[in-house]
Amino acid sequence: MATTEPLGERLVTALHGVHGEHAGFRAAHAKGTCCQGTFTASPDAARLTRAAHMQGTEVPVTIRFSNGSGAPTMPDYARGDGRGVAVKFQVPGGEIADIVGLTLPVFFARNPDDFLDFLAATTRDPATNKPDLATVMAFLEKHPETASALEAASGGALNASYLRCTFNSLHAFGLRDSADNIRWMRWRLEPEDGPETIENDEAREAGRDYLQEDLTTRLSQGPSAFRLLFRMADDEDSLVDPTSPWPESRESVYAGRLLVTGVVQDQDAGCAQLTFDPTTVVDGIELSDDPILHARSEAYSVSIANRKGVRAPNPGVTPYIGEGVTIRGGGTVPAGEMRAFEVDGASVAVANVRGDLHAFQDVCTHRGCPLSDGVLDGTSVTCACHGSIFDVLTGTVQRGPAKDPIAVYRVSREGDDLKLES
């Protein structure tokens, strides 16, 4: 029977079925550490894309290294747990751009439905605390494309350090240059010092959190660097199937240097509250039609809403407010705060900015998260989900990933009530 539950909700629920539900943590890649650093693009990158952070100017970045599991207590030496990297670029001009990659060469499924079936097949039996082998084998027989990712995740040597892993984007992205030409690529991050592995016994001796601790140890001795490569697509390479490998013989363009300089000191504020979404791009970078790529963004929105205790994202991003609508008690919002009110079936936020009240749609135009669950700083409101910033006076976008403004409303007081006009 068909379900009406949003895809993001279904994916997060399925991930919880595999890894368990852990309040305050990501549904996947729950265990991780954020670092700070810089990125400097190469001249070849600037030639291929007009993206502002790819023009050769050094830009600040936040890098999160993680394990794949959604269980934060999973030891770093556990088998079948790929490593992840996520990079948030502070793009010149105030926007942000994210990339997200794995140590796997390919993904587990071609589309969200297949991935949901894969998660169902690998969900642990409560009686044995293990997946049912017959169910897993039946899935693999029907989906042979999954075998490569599964073998890469469970086999091979253990990584000695996040800083000595090679990470792959898995998805294709378009590079649009200043002449509006576009070429497609998958990116790769390679450690400048080369890969490094560790034996099972040595990893266990190093401890459950050896990868996390290694970051602090190595970076205290100096920075570590990665080479960003654009692996350019050929005509026969799929742009929409993340299970399909691209041959290693493809043209590889050196795109720049990612320098990891240190561990973020406040991991709660500087890491746990961040979302890294591979669909957060800027002009000069194009998204492919890969359905897994877009599904990941939906799942991230739900995961961060759960993690921060905010309300579920609202799919209706442009509420209509009629003329002369009254908000009962809207005039009681304290200075420096904001509150949400239901008006004509839509959620409207009221912010008190230095004694002046301003009303605006309580829905971010990026992924529909409630702005009233975010942070008010002067006349700016920051979305709790993906970090978009809007001016509450004008509705304009001050920082992406949102591109469209929010609706704002004229406000007049009637005692403790407010009257709005669109």
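Source: prediction; values computed, not measured.
When only modelled atom types and interatomic distance are considered, S244 and D241 share no side-chain donor-acceptor pair under 3.5 Å. Neither side chain, Q361 nor Y409, offers a donor N or O lying under 3.5 Å from an acceptor on the other. Checked by atom type, the side-chain pair N67/Y162 shows a donor-acceptor distance below 3.5 Å. No hydrogens or angles considered: a donor-acceptor pair under 3.5 Å links the side chains of D277 and S297. No donor-acceptor contact under 3.5 angstrom links the side chains of S161 and E196, judged on distance only. With 3.5 Å as the limit, one finds a donor-acceptor pair spanning the side chains of H171 and R296. Side-chain N/O atoms of R231 and N168 include no donor and acceptor closer than 3.5 Å.
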(request) Check the pair V61, K88 against side chain to side chain contact (heavy atoms under 4.5 Å, CB included), reporting the backbone distance first and the verdict last. (result) CA-CA 5 Å; V61 296; K88 187 176 294 292; over 6 Å; no

(message) Could you go through V411 and L420, starting from their C-alpha distance and side-chain angles, then the distance that decides it, and tell me whether this counts as side chain to side chain contact (heavy atoms under 4.5 Å, CB included)?
(response) CA-CA 5 Å; V411 177; L420 304 188; 3.7 Å; yes

(message) Go through it in stages, so that I can follow the logic: the residues are L293 and S288, the test is side chain to side chain contact (heavy atoms under 4.5 Å, CB included), and I'd like the CA-CA distance, side-chain angles, deciding distance and then a yes or no.
(response) CA-CA 8 Å; L293 171 62; S288 67; 4.0 Å; yes

(request) Start with the C-alpha gap between V87 and L228, add the side-chain angles, then the distance that decides, and say whether side chain to side chain contact (heavy atoms under 4.5 Å, CB included) holds. (result) CA-CA 11 Å; V87 184; L228 178 64; over 6 Å; no

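Residues satisfying the salt bridge (charged side-chain N to carboxylate O under 4.0 Å, His left out) criterion with R188, sequence neighbours excluded, are E248. The disulfide (SG to SG under 2.5 Å) test applied to C385 returns C369, not counting sequence neighbours. With sequence neighbours excluded, the residues satisfying salt bridge (charged side-chain N to carboxylate O under 4.0 Å, His left out) with D214 are R218. Legend: residues meeting salt bridge (charged side-chain N to carboxylate O under 4.0 Å, His left out) with E190, ordered by chain and number and at least two apart, are R227. For R176, the salt bridge (charged side-chain N to carboxylate O under 4.0 Å, His left out) test picks out D180, E286, with sequence neighbours left out. By the ring-ring contact (aromatic ring centres under 6.0 Å, His included) test, F118 pairs with F108, F139, sequence neighbours left out. Remark: F390 pairs with no residue by the ring-ring contact (aromatic ring centres under 6.0 Å, His included) rule, at least two apart or across chains.
Remark: N200 CG is packed, more than 12 non-hydrogen atoms of other residues, nucleotides or ligands lying under 6.0 Å away. No more than 12 heavy-atom neighbours from other residues, nucleotides or ligands sit within 6.0 angstrom of CG on D201. Within a 6.0 Å radius of CD in E199, other residues, nucleotides and ligands contribute 12 heavy atoms or fewer. At most 12 non-hydrogen atoms from other residues, nucleotides or ligands lie less than 6.0 angstrom from CD of E205. In the displayed structure, D289 atom CG is contacted under 6.0 Å by at most 12 heavy atoms of other residues, nucleotides or ligands.
The shortest side-chain heavy-atom distance between D377 and I389 does not fall under the 4.5 Å cut-off. Looking at heavy atoms from C-beta onward, D237 lies in side-chain contact with R250 at the 4.5 angstrom threshold. Side-chain contact between I285 and L175: present, with at least one pair of heavy atoms (C-beta onward) separated by less than 4.5 Å. Side chains of K403 and E95 form a contact here, defined as non-hydrogen atoms less than 4.5 Å apart. At a threshold of 4.5 Å between non-hydrogen side-chain atoms, the residues L215 and L163 count as touching. The side-chain heavy atoms of L357 and N352, taken from C-beta on, include a pair separated by under 4.5 Å. Counting only heavy atoms from C-beta outward, the side chains of H29 and L102 approach each other to under 4.5 Å.
For residues 47-107, no residue pair satisfies the disulfide bond (SG atoms under 2.5 Å apart) rule, not counting sequence neighbours. Listed by first and then second residue, the disulfide bond (SG atoms under 2.5 Å apart) pairs that reach into residues 49-133 come to none, sequence neighbours excluded. For residues 145-157, the salt bridge (Lys or Arg N to Asp or Glu O under 4.0 Å) pairs, not counting sequence neighbours, are R110-E145. Applying the disulfide bond (SG atoms under 2.5 Å apart) definition to pairs two or more places apart or across chains, those involving residues 16-51 are C34-C271.
Minimum heavy-atom separation, V59 to P92: CG1-CD, 3.7 Å. Across all their heavy atoms, P401 and I96 have their closest contact at CD-CD1, 3.9 Å. Nearest heavy-atom pair, A14 versus L119, reported as atom, atom and distance to 0.1 Å: CB-CD1, 3.6 Å.
Not one N or O on the side chain of Q267 forms a donor-acceptor pair closer than 3.5 Å with the backbone of Q265. One N or O on the side chain of R399 and one on the backbone of G387 form a donor-acceptor pair closer than 3.5 Å. Between the side chain of R307 and the backbone N or O of A272 there is at least one donor-acceptor pair closer than 3.5 Å. Judged purely by atom type and a 3.5 angstrom limit, S303 uses its side chain to pair as donor or acceptor with the backbone of A27. A side-chain donor-acceptor contact under 3.5 Å links S169 to the backbone of W187. A donor-acceptor distance shorter than 3.5 angstrom exists from the side chain of D76 to the backbone of L211, with no hydrogens or angles considered. Using modelled atom types, one side-chain atom of T217 and one backbone atom of E213 make a donor-acceptor pair closer than 3.5 Å. No side-chain donor-acceptor contact under 3.5 Å links S224 to the backbone of V260. S347 places no side-chain N or O within donor-acceptor distance of the main-chain N or O of D362, the cut-off being under 3.5 Å. T280 places no side-chain N or O within donor-acceptor distance of the main-chain N or O of F276, the cut-off being under 3.5 Å.
Here K31 contributes atom NZ and M74 contributes atom CE; the two are 9.5 Å apart, rounded to the nearest 0.5 Å. For the atom pair D98 CG and H386 NE2, the distance stands at 8.5 Å (nearest 0.5 Å). Between D268 atom CG and L274 atom CG the span is 11.0 Å, to the nearest 0.5 Å. The line from CG of N159 to CZ of F65 is 11.5 Å long, rounded to the nearest 0.5 Å.
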Atom pairs and distances, donor-acceptor, side-chain atoms in residues 17-25, under 3.5 Å, two or more places apart:
| unit_1 | atom_1 | unit_2 | atom_2 | d |
| --- | --- | --- | --- | --- |
| H19 | ND1 | G70 | N | 3.4 |
| H22 | NE2 | H19 | O | 2.9 |

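Exactly one residue among R367, H366, H294 makes a side chain to side chain donor-acceptor pair (under 3.5 Å) with T279. That residue is R367.
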